[in-house]
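Data block below; observations after.
In this text, all values refer to a predicted model and were calculated from it rather than measured experimentally. Residue numbers begin at 1 in each chain, while the letters A, B, ... track the order of the sequences.
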Amino acid sequence: MSEISKAYEPQSVEDKWYDFWLKQGCFTADPKSAKPAYSIVIPPPNVTGMLHMGHVLNNTIQDILSRKARMDGKEVLWLPGTDHAGIATQVMVEKQLKKEEKKSRHDLGREEFLKRVWVWKEKHGDIIINQLKKLGCSCDWTRERFTMDPEYSRCVQKVFVELYKKGLIYRGKRMVNWCPVSQTALSDEEVEMKPQNGFMYHFKVQVADCSGAVSAPNSAVTDRRYNESDIKLTDTWLTIATTRPETIPGDTAVAVNPKDPRYAALVGKFIVRPLPAELPLAQKLIPIVGDEHVDFEFGTGVLKVTPAHDKADFDIGTRHKLPLIEVINADGTMNTLAGGPLAGLDRFKARKVAVEILTEQGVMIEAKPYENNVGFSQRADVPIEPRLSEQWFLKYPAVPESKACVADGRMKFHPDRWAKVYDHWLTNIQDWCISRQLWWGHRIPVWERTFDCFSIGSVYTSVSDLLSISAKTQEFIGKESSDVVVSIDGKQVTTDAKKLLDLGLELNKTDAEVREIKVQVCTINPKVISALELERWTQDSDVLDTWFSSWLWPFATMGWPENTETLKKFYPTTDLVTGPDIIFFWVARMIMAGYEFMGEAESALPKKFALPDAMPFQNVYFTGIIRDKQGRKMSKTLGNSPDPLVLIAQYGADALRFGTMRSAPLGQDVLFDEKDVELGRNFCNKLWNACRFRQMQGGEVQGEIERTLLTPDDKWILLKLDAAIREVTIALNEYKFSEATAALYKFFWSEYCDWYVEASKASLPRPPAEAAPGEAPIAAVALSPEVEARKANTIAVIDFVLSHTIRLFHPFVPFITEELWNGMGYATDMPDNQGGKTIMNAPWPLPFDEDFKGHYGLDDCYVEMTDTKYELVRNGRDLRRAGNIQAAKKVKYVFKPAQHLTPHDAEVIKLLLNAESLEVNDAYQPPKGTPVVASPLGELFLPLEGLIDVAAEKIRLTKEVEKIKSEIVKVEQKLANPNFTTKVPPAVLAEHEQRLVEWRTRLAHTQASLEALG
RNA sequence: GCGCGGUUAGCUCAGUGGUAGAGCAUUACCUUCACACGGUAGGGGUCGCAGGUUCGAAACCUGCACCGCGCACCA
């Protein structure tokens, strides 16, 4: 800090120190260190992502925790990385491909397309990482991970094999949430319910009797064997309510509640389905079934059942063995089974057309505007389509352990109300659909081949034979059979099973129709894989949900499945900082994965990982969600999200960090306002200038404080510093970041700058004024030894306070504090690993112990005494108003002390009053009308010789008197109440009595001031 | 429907039973030699409503209203 600019300029400071920290390896965690470990894994941002305010909030908190831990002497690992964001990344590259080459991914083919994704990743994947660096994040970049790194991929696939082997992963045909835009299945968590304004359509259908009909349960509707002649249309019509008339062609029944007196008798009869209109009557007939699911209060009490396109209807269909008719394609268009006019139309267009057809038929009764909740694909923002398809599912592992660790408080959530949400989700947990019909992601490590049932036992005799694996590989499999899991028609078999014949026949003898069996091999063993591929086995084409890789993040990033030094040192991690919006997506799943793969929870893995408690982190801090000033969520479409990098360029990273922290209370959403960042900048500037003031006093860092020379003001600020250290430390321990910043702000601005710095000027003789141009330089005035000593001691106090303050601030505003730490010379006295090189490992300030306080005479009475002095000053300044005197104008005060006043205190009061002089006069007789304030220290007069507006001042003081009187009445009433005086704790009683005395004193003082005005 | 937050100064928010607070905004004055990204002094609140507990409630309890969120959903 050789050149001290008048205002802090972050641009010239931030990059310099970040480079320095990197070069010095300050962020690199050493697993061999003897220091206690502290670790955090970053919530990996999407590799396609750009830094937004949510990242700023989240990562600033992680950085504060990491930096604080380093100063606490911990060995810190903050492990960074990105995730591959399956859908988002694939869509982004597809868009680029379309734009630049007018091609789809199918034009390129899977392999070539994936090459393009990697090219994109190499080119743009580190954008967000570099942005995090701009923010000052002290991540160990040497350990940066990406969820598609080869080692990471192996972890994901290994985990898949393990879970497959345990029977927790299975493939099944289920109703899933289908996104017609991305054309993939989604998990339940990726579906967001949104209220939609639509219509509730009421239409009528005619009831038919069909006495001779056979409702063939398992046949497709087109195979129905009704005789047209057996069908008797009745006069009864039923009204059905639906929001989705386009699915009518997929209806295979109408359901009523069997207890509903209106309809119970109709169960067993049929209705004529109005769509597709062109079908012959016999094919339009669908049964009326009785099902308890139907709520007869709702709609008309008659429910159309579309088992292929609705989850609840699917269940009804299963109960009544209804056929399924799929009428909607994977892309959301209608297929030919939907009927001529609808076929080929988009589902929403088809809805309109269906309504038109029904209207033409004269069966449409009404369309009421209706708001209902529709599931939307979170990613593509279109309504999802429930769809029957074959997908991979996971039965969640280690659920009881995961529930217990949070419920019994071993893992703490901050704020803890999220524990309830977490528990509720785990209690109602459904199997996780983990397969995605995408190309970008971890391919499912399952190979499949279909065999003719009759060749089993004749051509193939054993499982390994079936796998057509050479003798050499067979041996390998024999050794590492845990690597290879084989299923035949979904049932796991052992690889060394010799009795394939029995196995195969047993599997198939129940159904003569089945002529083929499916054999699955789940493995990540490359030798086995190459053998399989040679034999035309095909790998499952699906990839895994991105969260199926990020749930392994806390240990897969640390070298698992090897038992690495890093894992030993840093797992389980200490804190996790994330948003509550991914509590199910990520947090809950990581906990389950931790128990499953790192702990004793029935893991098939080597016991080297069997940690007594394998939960992946001890504390989870849930941030709020950043909103704009109007409380709206920040979003790209609204354009209400400021670009953090623009803010950093404009105000500095420290300003952004401090401002964000100050306005982010624990667990509450944050309404972001650029004003907050401005506040941060102003704060940094204040810090800068306070240090600048110290620099202007000249001289080296003063390490030694001479206790005999301490003034009451010195003791006051040291005690305030002690309090600030306590407050900030406690706040950080409780994850109350806004409280910590508020405490720092108050201490530094309102106590140190506003009072101490000003008071200290009494001990710091002004440096000689600059000579005006053309004049001879003014010679420095020699100071007396006493004054020199006092000056040096004051500077020592300033250096002490600043060197502590800067450290307290470091986790919040790392750049400016590093600049000041070095620039002010506070680093020079310290050992290299204790702050000598960088403030990053300077020790975190500790509250003063009793010895320290005793040595320096830091008694709490100095706080009270000095507060009284400052209160007198505040009142004295207020006197200027009576004379309408400008703040800058120097005026003469007279002080009539009530007790001994040291010359130093008199000087301090004079300075703080910005007085031309302060005459201390025991015998002062003020002229009538002289404004005065009284305090326990004495009376302070501002002789104005008739300048004051007596009337206005009287009014003000009279109001003041009234206010004080009312306060006195309040306290008196309390004290007069025997209920109060007998029941209240003595301390509170004493406090009230004391307060009454104080108010009475104030009353006397104010009345004296009033009388003085005549 | 179930659950969870919130409601305090114009705005954003602290405040876990004992004198209602901060920042911003605002008013007046001030470029005084660390800082106008600053200083000094001020104005501004029956703490959402109604009950209850208590000597005492912004805080604890009950109910209600409104705002927001999550989960589950009825076609």
Side-chain angles (χ1 to χ4, degrees), chain A residues 4 6-8 193 200-201 240-244 247 255 293-295 297-306 310 312-313 372-373 415 417-418 420-421 424-425 428 580-581 583-584 624-625 627 629 631 633 651 655 659 662-665 667-673 675-676 678-697 736 738-739 742 745-746 749-750 753-754 757-758 761 766-770 874 877-881 884-890 914 956 967 970-971 974 977-985 987-989 991-992 995 998-999:
Chain A
I4 312 171
K6 201 168 167 183
Y8 173 57
M193 301 305 277
M200 179 69 88
Y201 301 97
I240 298 177
T242 182
T243 53
R244 300 200 63 188
T247 63
H293 168 79
V294 180
D295 175 359
E297 304 277 309
F298 192 85
T300 60
V302 184
L303 173 66
K304 73 187 216 39
V305 182
T306 326
D310 184 282
D313 289 5
N372 65 338
N373 278 325
R417 61 190 155 87
W418 294 109
K420 206 167 173 178
V421 177
H424 183 256
W425 185 75
N428 299 290
D581 47 336
I583 184 169
F584 312 137
I625 291 171
R627 300 172 179 280
K629 262 199 277 188
K633 235 176 177 169
Y651 298 100
R662 200 185 141 84
S663 61
Q668 299 298 336
D669 286 356
V670 183
L671 268 62
F672 178 81
D673 186 341
K675 286 274 178 201
D676 297 331
E678 209 175 299
L679 173 104
R681 179 200 56 181
N682 295 352
F683 187 82
C684 289
N685 190 55
K686 190 78 175 175
L687 182 59
W688 181 258
N689 273 290
C691 290
R692 191 166 158 248
F693 171 75
R694 159 64 186 91
Q695 287 299 75
M696 292 170 90
Q697 306 312 315
K736 292 177 176 167
S738 64
E739 238 170 64
Y745 192 98
K746 176 180 67 113
W749 202 308
S750 308
C753 291
D754 286 354
V757 170
E758 296 307 321
K761 288 175 183 172
R766 267 164 51 183
E770 291 267 331
R874 209 177 280 123
R877 285 166 176 171
D878 198 22
L879 287 182
R880 289 165 177 272
R881 191 182 32 188
N884 202 16
I885 298 161
Q886 296 174 346
K889 190 171 175 195
K890 299 270 178 183
N914 194 27
R956 191 184 70 83
E967 293 295 338
K970 269 201 258 177
V971 187
K974 277 194 178 183
N977 183 351
N979 268 329
F980 178 80
T981 47
T982 52
K983 289 186 183 176
V984 97
V988 175
L989 185 63
E991 193 193 313
H992 278 73
R995 196 190 307 158
E998 281 167 13
W999 279 120

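Minimum atom distance to the side chain of A:R417 is reached by B:C4, of the listed B:G23, B:C35, B:C4. With B:C71, B:A34, B:C55 as the choices, the nucleotide that has an atom nearest any side-chain atom of A:R692 turns out to be B:A34. Residue A:V984 places its side chain closer to B:G18 than to any other of B:A72, B:A75, B:G18. Closest to the A:D295 side chain, of the nucleotides B:U19, B:A41, B:C74, is B:C74. Of the candidates B:U40, B:A34, B:C55, the closest approach to any side-chain atom of A:D754 belongs to B:U40. The side chain of A:N685 lies closest to B:C35 when the candidates are B:C35, B:C4, B:A75. Residue A:W749 places its side chain closer to B:G38 than to any other of B:U19, B:G38, B:C55.
The partner of B:G38, taking Watson-Crick or G-U wobble pairs whose two distances both stay under 3.5 Å, is B:C30. With a cut-off of 3.5 Å on both pairing distances, the Watson-Crick or G-U wobble partner of B:C64 is B:G48. Across all strands shown, B:G10 forms a Watson-Crick or G-U wobble pair, both distances under 3.5 Å, with B:C24.
The closest donor-acceptor contact from the side chain of A:N689 to the backbone of A:N685 lies under 3.5 Å.
OP1 or OP2 of B:G38 sits under 4.0 Å from a side-chain N or O of A:N682.
Between the side chain of A:N373 and the base of B:C73 there is at least one donor-acceptor pair of N/O atoms closer than 3.5 Å.
Counting non-hydrogen atoms under 4.0 angstrom, A:W999 reaches a base of the nucleic acid. As judged by a 4.0 angstrom heavy-atom cut-off over every strand, A:V294 is placed among the base-contacting residues. Across all strands, A:K6 comes closer than 4.0 Å only to sugar-phosphate atoms, never to a base (heavy-atom distances). Heavy atoms of A:P415 sit nowhere under 4.0 angstrom from any nucleic acid atom.
For the pair A:K761 and A:F693, the distance from NZ or CZ to the six-membered ring centre is under 6.0 Å and the angle to the ring normal is within 45 degrees.
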Intermediate values then yes/no, side-chain contact (heavy atoms from CB on, under 4.5 Å), A:V984 and A:K974: CA-CA 11 Å; A:V984 97; A:K974 277 194 178 183; over 6 Å; no
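A:E998 has no carboxylate O lying under 4.0 Å from a charged side-chain N of A:R995, or vice versa, which leaves the two without a salt bridge.
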